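Step one of this worksheet: look at the structure below.
None of these values were measured; they are calculated from a predicted model.
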Amino acid sequence: MSLRIRVIVVVIMLFVIAKIVSLMSKKKINYKYGLGWSLLAMLVAVLALWPDILYWLAKVTGVIAPVNMLFFMGFVFALAIIFALSKTVSKLHDKVDTLTREIALLRKEIDDKK
């Protein structure tokens, strides 16, 4: 990877981290997810600055091409995000179900008083 591309990637990742911090400060993104995305941006920046780390990881894990290692890491990160979002959706579904039942009971109570 050329030096120019490395610098561009690092600058973009710094902008991404700044945007994520801005979104977290405005409460537009949850800290839990913002931290995950920030860590990913930092990891990309580190791999751009020191690509030998990716070559070493590929060699240690037995992956033939470093690019495949990068895709694997992205796949694992995507699975982690999907799992976390699935947990959140499940919790929200349970809360909506509970609120729906409570509203139905309150409406019935109001109708019975009429």
Linked, directly or transitively: [X] and [Y] (ILVMFWY side chains, under 4.5 Å):
X     : Y     : value
Leu23 : Phe15 : no
Trp50 : Val60 : yes
Met24 : Leu85 : yes
Val7  : Val44 : no
Val9  : Ile17 : yes

Check: According to the side chain to side chain donor-acceptor pair (under 3.5 Å) rule, which pairs have a member within residues 18-42, sequence neighbours left out?
Finding: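 Output for this query lists Tyr33-Thr88.
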When rounded to the nearest 0.5 angstrom, what distance separates [atom1] in [X] from [atom2] in [Y]?
X      : Y     : atom1 : atom2 : answer
Arg101 : Asp97 : CZ    : CG    : 4.0 Å
Leu40  : Leu35 : CG    : CG    : 11.5 Å
Leu57  : Asp52 : CG    : CG    : 11.0 Å

Next item on the list: Just do the side-chain contact (heavy atoms from CB on, under 4.5 Å) check on Met73 and Leu47 with the steps written out, would you?
Entry: CA-CA 12 Å; Met73 290 168 59; Leu47 290 175; 4.0 Å; yes
Check: [Y] and [X] side chains under 4.5 Å, non-hydrogen atoms:
X      : Y     : value
Phe72  : Val63 : no
Thr100 : Val96 : yes
Phe75  : Leu79 : yes
Leu49  : Arg6  : no

For the residue pair [X] and [Y], what are the closest heavy atoms and their distance?
X     : Y     : value
Pro66 : Ala58 : CA-CB, 3.9 Å
Val10 : Ala45 : CG2-O, 4.0 Å
Ala41 : Val16 : CB-CG1, 4.1 Å

Checklist line | Test log, rule side-chain contact (heavy atoms from CB on, under 4.5 Å), inputs Tyr55 and Lys59 | finding: CA-CA 6 Å; Tyr55 287 97; Lys59 185 178 178 183; over 6 Å; no
Next item on the list: Check whether more than 12 heavy atoms from other residues, nucleotides or ligands sit under 6.0 Å from atom CD1 of Ile64, and answer yes or no.
Entry: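 It does not: Ile64 CD1 has 12 such atoms or fewer within range.
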Check: Who else is in the cluster with Phe71 when I, L, V, M, F, W and Y are joined by side-chain contacts under 4.5 Å?
Finding: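 When side chains under 4.5 Å apart are linked, the cluster holding Phe71 also contains Val67.
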Checklist line | Asp111 and Arg107 ion-paired at < 4.0 Å | finding: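 Salt bridge: no.
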Checklist line | Test side-chain contact (heavy atoms from CB on, under 4.5 Å) applied to Leu43 and Leu39, step by step | finding: CA-CA 6 Å; Leu43 177 65; Leu39 289 174; over 6 Å; no
